[in-house]
Amino acid sequence: MPWRGETDPYRILLSEVLLQQTRVDQAIPYYRRFLAEFPTLEALGQADLEAVLEVWQGLGYYARARNLHKLAQALSRAGGQLPRTYHELLQLPGLGPYTAAAVASMAFGERVAVVDGNVRRVIARWMAWQNPSPKQVQDEADELMAVVLSPTGGGLEVFPGDWNQALMELGATVCIPKNPRCGGCPVAQFCQGKTSPERYPAAKQRLQKPVEVVALVLVGPQGVHLELREGRILGGLWGFPMEEGAGALPRLLGRFGLEAAELVGTVRHAFTHRKLRVQVYWANKDAREQPENRPLSRLDRKILELIQSQRNALL
DNA sequence: AACTCGGGGTC
DNA sequence: GACCCAGAGTT
């Protein structure tokens with residue numbers, strides 16, 4: 001990881017926000033590109049949100065980028081320094097218990113335990129808990145850290161941030177969700193869940209609701225029509241006009257005063273909790289946006305690729 | 001406490 | 001396909 005051994009609080013914060021629900025390998029190229037564009041908190045605070053999303057596009061959970069930008073704007077005005085304690089960091093937009101604890105422990109050495117998916121699983125197995133509450137896990141992780149790093153109790157002489165990273169790495173490399181490598185685990189001897197590790201913790205129920213969507217691509221001599229999305233879903237990014245459910249196509253046509261559009265094809269795209277089947281329609285209309293100059297979600301990139309692959313047939 | 005929010009790797 | 005990822009905000 002390029003941020004191992006990093007001491008700049010801004011870089012530590014950035015890496016931790018990038019890692020929210022995101023695998024390390026996926027986050028690394030974004031980390032490099034983001035720092036190349038916005039090397040400091042001040043630089044980020046002075047940038048336009050669209051420029052930030054331009055770098056973030058394709059990674060998902062775009063509220064992370066919006067919150068990080070908002071945080072940078074607020075702190076730049078207030079002197080450009082991140083607060084140094086867990087409780088202060090927790091007040092910042094986009095920082096929950098995980099990220100606040102990560103920055104506090106790794107950047108400032110505060111003795112507070114991070115609880116991510118890895119730690120949750122390690123603790124659940126360690127204690128043989130099937131359905132622990134978030135507070136139960138956090139308390140246990142804090143207690144473990146206090147005991148292990150207790151200098152007066154013969155504890156480890158370890159920087160709190162390093163302990164946190166070690167526990168997460170144990171979960172990411174040994175105490176993994178499926179087929180955990182208990183034989184290679186340094187603490188299997190003390191683990192209460194090792195005889196049936198896959199029972200801990202119980203898996204969450206996830207249901208992906210099928211959703212029918214219609215997208216309308218307006219193509220003109222100068223480009224295509226894009227609109228700025230607002231709200232929580234893909235907010236701040238640009239995309240093709242879309243409507244869901246019954247009457248989607250007529251509503252779309254009505255918005256642009258069109259009589260008809262031609263079906264180009266279907267794009268399938270899965271979100272965590274929704275499975276989209278997007279019928280892509282095309283029509284000729286004056287339009288002048290260049291999609292390569294705008295931040296687009298993966299879904300809109302797929303639609304764009306479909307249109308471009310059919311370009312000869314359409315024009 | 002339960003939903004919502006992206007996208008992608010892995011089994 | 002199902003699961004889950006170095007989670008946070010809203011309801």
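All values reported here derive from a predicted model rather than from experimental measurement. Each chain gets a letter, A, B and so on, in the order its sequence line appears, and its residues count up from 1.
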N/O contacts under 3.5 Å, protein versus nucleotides 7-11 of chain B?
from, atom 1, to, atom 2, distance (Å)
dG7(B), OP1, Y62(A), OH, 2.8
dG7(B), OP1, R298(A), N, 2.9
dG7(B), OP2, H269(A), NE2, 2.7
dG7(B), O3', G58(A), O, 3.3
dG7(B), O3', R298(A), NE, 3.4
dG8(B), OP1, R298(A), NE, 2.4
dG8(B), OP1, R298(A), NH2, 2.3
dG8(B), N2, R23(A), NE, 3.4
dG8(B), N2, R23(A), NH2, 2.9

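- When atom types are taken as modelled, the side chain of S196(A) and the backbone of R199(A) share no donor-acceptor pair closer than 3.5 angstrom.
- Taking side-chain N and O atoms only, R121(A) has a distance below 4.0 Å to OP1 or OP2 of dC5(C).
- Ring centers of Y31(A) and W3(A): under 6.0 Å apart, within the cut-off.
- Residue contacts shown for R229(A) are absent, as no nucleic acid heavy atom lies under 4.0 Å away.
- Rounded to an integer number of Å, the gap from Q208(A) CD to dC5(B) C1' is 13 Å.
- Between the R11(A) side chain and the E6(A) main chain, no donor and acceptor come within less than 3.5 Å of each other.
- Between R206(A) and dC4(C) there is a side-chain polar atom (N or O) within less than 4.0 angstrom of OP1 or OP2.
- H273(A) is not listed as a side-chain neighbour of K209(A), based on a closest heavy-atom distance of 4.5 Å or more.
- A donor-acceptor pair is defined here as one N or O able to donate and one able to accept, closer than 3.5 Å; no such pair exists between the side chain of R111(A) and the backbone of M145(A).
- Between the CG atom of N131(A) and the P atom of dA1(B) there is a distance of 12 Å, given to the nearest Å.
- Going from atom CG of L13(A) over to atom P of dG7(C) covers 15 Å, rounded to whole Å.
- Distances shown here put every side-chain N or O of H273(A) at or beyond 4.0 Å from the OP1 or OP2 atom of dC3(B).
- Across the protein-nucleic acid pair, Q205(A) atom CD and dC3(B) atom C1' stand 14 Å apart, rounded to whole Å.
- Atom OG1 of residue T99(A) and atom CD1 of residue I12(A) lie 12.5 Å apart, to the nearest 0.5 angstrom.
- Separating the CD atom of Q91(A) from the C1' atom of dG9(C) is a distance of 14 Å, rounded to the nearest angstrom.
- L207(A) places its CG atom 14 Å from the C1' atom of dC3(C), with the value rounded to the nearest Å.
- Here the C1' atom of nucleotide dG6(B) and the NZ atom of K275(A) are 16 Å apart, to the nearest Å.
- Using a 4.0 Å heavy-atom cutoff across all strands shown, A203(A) reaches sugar-phosphate atoms only and no base atom.
- Taking atom CG on N118(A) and atom C1' on dG7(C), their separation rounds to 12 Å, with Å as the unit.
- With respect to the salt-bridge test (charged N to carboxylate O, under 4.0 angstrom), the residues E169(A) and R4(A) qualify.
- Across all strands, L95(A) comes closer than 4.0 Å only to sugar-phosphate atoms, never to a base (heavy-atom distances).
- The residue S133(A) sits apart from the nucleic acid: no heavy atom pair falls under 4.0 Å.
- A side-chain donor from one of E16(A) and Y98(A) sits under 3.5 Å from a side-chain acceptor of the other.
- dG8(B) and dG9(C) have their P atoms separated by 23 Å, with the value rounded to a whole Å.
- Judged by closest nucleotide on DNA chain C, W3(A) is the one of L92(A) and W3(A) placed further toward the 5' end.
- When each of N67(A) and E16(A) is assigned the nucleotide of DNA chain C with its nearest heavy atom, E16(A) is the one assigned upstream, toward the 5' end.
- A gap of 22 Å separates the C1' atoms of dA8(C) and dG9(B), to the nearest Å.
- Nearest nucleotide to the side chain of P177(A), out of dG1(C), dC5(C), dC5(B): dC5(C).
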